There are 2 protein chains.
Amino acid sequence: MHLPTLRQLQFLCALADEKSFSRAADVCNVTQPTLSSAIKEVEAILGVQLVEREARGASLTRAGEETVERARAILSSAADLVSAAHQAGAPLTGPFHLGAIPTLAPYLLPRTLSALRSGHPELKLYLREDQTDRLIEGLRNRTLDAALIALPWASSGIETETLGDDEFLFIAPKGHKLSRSKKLSPEDLNGEDVLLLEDGHCLRDHAIAACALSPSASPSNISATSLATLVQMVAGGLGISLVPKIAAEAGLGAGADLNVRQFDQPLIGRQIGIAWRAGSPREAEARMIGKSVKKTLAARA
Amino acid sequence: MHLPTLRQLQFLCALADEKSFSRAADVCNVTQPTLSSAIKEVEAILGVQLVEREARGASLTRAGEETVERARAILSSAADLVSAAHQAGAPLTGPFHLGAIPTLAPYLLPRTLSALRSGHPELKLYLREDQTDRLIEGLRNRTLDAALIALPWASSGIETETLGDDEFLFIAPKGHKLSRSKKLSPEDLNGEDVLLLEDGHCLRDHAIAACALSPSASPSNISATSLATLVQMVAGGLGISLVPKIAAEAGLGAGADLNVRQFDQPLIGRQIGIAWRAGSPREAEARMIGKSVKKTLAARA
DNA sequence: TTGGTTCAATAGATTATATCTATGCATCTT
DNA sequence: AAGATGCATAGATATAATCTATTGAACCAA
């Protein structure tokens, strides 16, 4: 079977990105005729037209779209092969890019990282705090090596490992009626002024799901940009809310005039996990970091 | 990032297979120096030694092993890209290689295939009957496009779809005591002379599991090579056994002096499914065939 | 319409590279 | 020690990839 060259596949992907032969050629650091003939040859090898040559630039045919998708996967695997081999020469070294969601990073990482750093001084960690979607995208486009997120999160091409549980705690201003109620179940929040994080935070979705809230019908449609802000708003009497136990333990809300309490059965919460791109050469390191986080989670009060 | 060529990866895989530069070169239809320098260049690109040059032939280093594994995956994806594109030019044509396990093929395929052929006359079907392991291997090395097997069967790189259930029926010689017992549950077979297919047939394992048999302690350690043989042996009074309902319905055991009956609760059986290599360009056709089989299964008495 | 502009295809020259033949240099065998 | 086996090296050659220069088609503005 006659295969196209990786180089030709790169050209094709660039063409898909740029939708122009000359711009794509520029991106690939070759001249336009070079790229043109390369694309033509790929089409000859595959026996299908991949590109629609139009007056203004180029667009992909249906077959072209699928081919590009496969080509990207192949190029990514090839890049993985190279970095895995490089890694083999010098294991556990080089910069490692770790992402984490904002409702986790400030509370979980400080404890974990100090342990990790002392155990593995050769590991250069770079951190990025972002929402789940962006972190997954980072894993996909290789700007991240691993990410700490809330599970379950199924996504093709992404592998995950569960590290532990994180309970949701109830917070309210001192003297709120739900602070004094004998029993407290998640459904009791329905109808109250529940403050949530702004859209895009997975904690927001988890809270809505756990308490069976109807997000649109929420009386006060106020959203906070961070947990710290949220806590301040609750302390200011604007409403009630949930916070992850891990954040509360790390000192979130300390000093504020707040009532923090557990729910009675059923306990609600989320799972913490680590994710990496399937086939990543840094999977071993991702699992190692996961192990360290897991230890931190288990060691809590 | 500098990538190795697909050609170079092919050379490397051939070297891994042949464990000899000259033989590998032969396989690739190039001369030995060509392959030697290509391998050397890959090592330069990756910055690791992949091959241990020994007096008698060559062996892979640890890094080499992993690189070869990744290389094989990449080459397979590249081959898929090509055939997917070819497919796009002429969908649903060209030879399709379908495998099926021996306890299914003779009983399920006749009915399904005639329906399939009339519905899709352009599809050239080639059939192969073999045990599950070999079929999966066939999917892996691209000699098969899909396979009808018993599920569940998890295997990385293989995708499956469940098509229906197939109950196990009890068979015994006329007059056997279990033929006359009021109720019949799978555990009743324990301790009896249960005849099974020879090792490697998944039906054997399913039967052992379903009836909680201890295979080594089976009084008569007789194994049959096919269901037809098995039925003859049971009819000959050598013992009792299980047969898939689908086989019985297709006429297995018709005419033989046999007692066939259902089990009472719990019913036991297996699931029928179709499997294909993840990323196969013929996935759509595999699913189509699966649909046809599913219809056949559902249309039974 | 007409002339300018944009963008891809083509032709032919020029590198770059892939591959070959021929040979050398070890190691193992007999 | 002589032959056989198996990989590395060197230099020649063929193949391919890429470049420059140009053409031709489609669009746009006057």
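All of these numbers come straight from a predicted model, not from anything done at the bench. Every chain is numbered from 1 and lettered A, B, ... according to where its sequence line falls, protein lines coming before strand lines.
In this model, the phosphate group of D:dA8 is approached by a side-chain N or O of B:S36 to a distance below 4.0 Å at OP1 or OP2. Phosphate contact (OP1/OP2 of C:dA18, side-chain N/O of B:T34, threshold under 4.0 Å): absent. Contact check, B:S22 against D:dC7: a side-chain N or O comes under 4.0 Å of OP1 or OP2.
Between B:R140 and B:I136 the shortest side-chain heavy-atom distance falls below 4.5 Å.
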Could you check A:D17 against A:R23 for salt bridge (Lys or Arg N to Asp or Glu O under 4.0 Å), going step by step and ending with a plain yes or no? CA-CA 10 Å; A:D17 289 336; A:R23 276 202 308 277; over 6 Å; no
One pair to check against side-chain hydrogen bond (donor to acceptor under 3.5 Å, both in side chains): A:Q87 and A:S83. What are the steps and the verdict? CA-CA 6 Å; A:Q87 212 59 34; A:S83 23; over 6 Å; no
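Rounded to whole Å, the distance from CD on A:E41 to P on C:dA9 is 14 Å. Summarising the geometry, the separation between CG on B:D26 and C1' on D:dC7 is reported as 15 Å, rounded to the nearest angstrom. Remark: P of D:dG24 and CZ of A:F21 are 20 Å apart, rounded to the nearest angstrom. Per the geometry, CG belonging to B:L15 stands 12 Å off C1' belonging to D:dG6, to the nearest Å. To the nearest angstrom, P of D:dC7 lies 13 Å from CD of B:E52. When rounded to the nearest whole Å, the span between CD1 of A:I39 and P of C:dC7 equals 17 Å. Nucleotide C:dC7 holds its P atom 15 Å from the NZ atom of A:K19, rounded to whole Å. Note: CG (A:L35) to C1' (D:dC19) measures 14 Å, nearest angstrom.
With the nearest nucleotide of DNA chain D identified for both B:Q32 and A:Q32, B:Q32 has the one nearer the 5' end.
Among C:dA18, D:dA17, C:dA9, the nucleotide with an atom closest to any side-chain atom of A:K40 is C:dA9. When distances run from any side-chain atom of A:P33 to the nucleotides C:dA11, C:dA8, D:dA17, the shortest one goes to C:dA11.
The two residues A:D145 and A:P95 make their nearest non-hydrogen contact at OD2-O, 3.8 Å.
Side-chain contact annotation: A:T61 with A:E65, donor-acceptor N/O pair under 3.5 Å absent.
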